[in-house]
Amino acid sequence: MTEFSATLKAIGYVENEFDDSTPASRLRSSESTLVLDPELVPGLTGLEAGQRILVLFYFHRTEGYELLQHPRGDAGCPKRGVFALRSPRRPNPIGLTDVELLAVDKNRLRVRGLDALNGTPVLDIKPA
């Protein structure tokens, strides 16, 4: 396999009430705010409330990974491959969630459906 290295710069971070591990269903039913670098505001042109957007983020608090894991950490479920799961414990700890855009206010995007914790670095936003 060819070695490859990449450097990514966060474009912002997540603000919400969840500082600790929380069930994904609770995270997704709550609202979060994406706080972007103010210099990037022109890049938000064309985004409007009601749209679906993809948020790419970095699982900054995860350590290591396993190629086989129990889904949602439930030992009662058979192990599956990490690439068949949404687990944060991955070779490249990058998350992707399709969210509903509720509002855009300058460099702040209010969303519903994000499964990321408070302070999570945001890497990119794309239309869904």
Side-chain angles (χ1 to χ4, degrees):
M1 185 160 118
T2 304
E3 277 297 313
F4 176 78
S5 179
T7 301
L8 300 174
K9 177 183 173 190
I11 63 169
Y13 60 92
V14 173
E15 277 187 354
N16 62 28
E17 62 183 288
F18 304 104
D19 291 317
D20 298 311
S21 183
T22 304
S25 59
R26 184 160 177 231
L27 285 167
R28 287 192 199 115
S29 67
S30 301
E31 291 184 14
S32 295
T33 299
L34 308 177
V35 182
L36 302 185
D37 180 334
E39 292 182 8
L40 301 175
V41 169
L44 300 174
T45 302
L47 288 182
E48 298 177 359
Q51 285 183 276
R52 304 237 20 122
I53 58 173
L54 299 172
V55 180
L56 283 87
F57 53 93
Y58 179 70
F59 288 115
H60 65 298
R61 297 192 347 188
T62 192
E63 293 182 20
Y65 67 92
E66 295 177 30
L67 293 177
L68 294 173
Q69 302 176 30
H70 294 288
R72 302 189 195 279
D74 182 352
C77 294
K79 286 188 174 185
R80 298 181 69 189
V82 69
F83 302 121
L85 300 171
R86 295 184 54 90
S87 169
R89 299 190 64 228
R90 346 183 42 79
N92 286 308
I94 297 171
L96 171 67
T97 306
D98 180 336
V99 302
E100 177 186 5
L101 180 58
L102 302 173
V104 179
D105 183 18
K106 298 177 185 153
N107 68 321
R108 301 174 66 85
L109 284 72
R110 195 163 45 92
V111 300
R112 180 178 295 116
L114 186 65
D115 53 352
L117 300 177
N118 190 46
T120 297
V122 174
L123 300 175
D124 204 356
I125 299 168
K126 299 179 182 291

Hphob cluster co-occupancy, Leu40 + Leu101, side-chain heavy atoms under 4.5 angstrom: yes
Any donor-acceptor N/O pair, Asp19 side chain to Asn118 backbone, under 3.5 Å: no
Arg86 (side chain) donor-acceptor with Arg72 (main chain) under 3.5 angstrom: no
Spacing of Arg108 atom CZ and Leu44 atom CG [to the nearest 0.5 Å]: 13.0 Å
ILVMFWY cluster, Leu47 and Val55 together (side-chain gap under 4.5 Å): yes
Rounded distance [0.5 Å steps], OG1 in Thr33 versus CG in Asn16: 8.5 Å
Minimum side-chain heavy-atom gap Val14-Leu34 below 4.5 Å: yes
Hydrophobic cluster identity match, Tyr65 and Phe83, side-chain contacts under 4.5 Å: yes
Heavy-atom closest contact (His60 atom, Pro121 atom, distance): ND1-CD, 3.4 Å
Backbone of Val35 reached by a side-chain donor or acceptor of Asn107 within 3.5 Å: no
Side chain to side chain contact (heavy atoms under 4.5 Å, CB included) against Glu17, all qualifying residues, sequence neighbours excluded: Arg26
Distance in Å, Arg110 CZ paired with Glu100 CD, rounded so as to fall on 0.5 Å steps: 9.5 Å
Crowding at CZ, Arg80 (>12 non-hydrogen neighbours, <6.0 Å): no
Minimum-distance pair of heavy atoms, taken over all atoms of Asp98 and Arg52: OD1-NE, 2.9 Å
Atom pair CG (Leu85) and NZ (Lys79), whose distance is rounded to the nearest 0.5 Å: 11.5 Å
Least distance between heavy atoms, Leu54 atom then Ala128 atom: CG-CA, 3.9 Å
Qualifying residues under ring pair (Phe, Tyr, Trp, His ring centres under 6.0 Å), relative to Phe59, sequence neighbours excluded: Phe57
In one Ile/Leu/Val/Met/Phe/Trp/Tyr side-chain cluster, 4.5 Å: Val41, Val104: no
Under 3.5 Å donor-acceptor, Thr97 side chain and Val99 backbone: no
Closest approach of Ser87 to Gln69 (non-hydrogen atoms, all atoms of both residues): OG-OE1, 2.7 Å
Nearest atoms (heavy-atom pairs only) where Pro71 meets Cys77: CD-CB, 3.8 Å
Straight-line distance of Thr120 OG1 to Phe18 CZ, nearest 0.5 Å: 12.0 Å
Flag side-chain contact, heavy atom, 4.5 Å: Leu36 against Ile125: yes
Hydrophobic cluster identity match, Val111 and Leu123, side-chain contacts under 4.5 Å: no
Results of side chain to side chain donor-acceptor pair (under 3.5 Å) for Asp37 - residues two or more places apart only: none
Spacing of Ser32 atom OG and Arg112 atom CZ [to the nearest 0.5 Å]: 10.5 Å
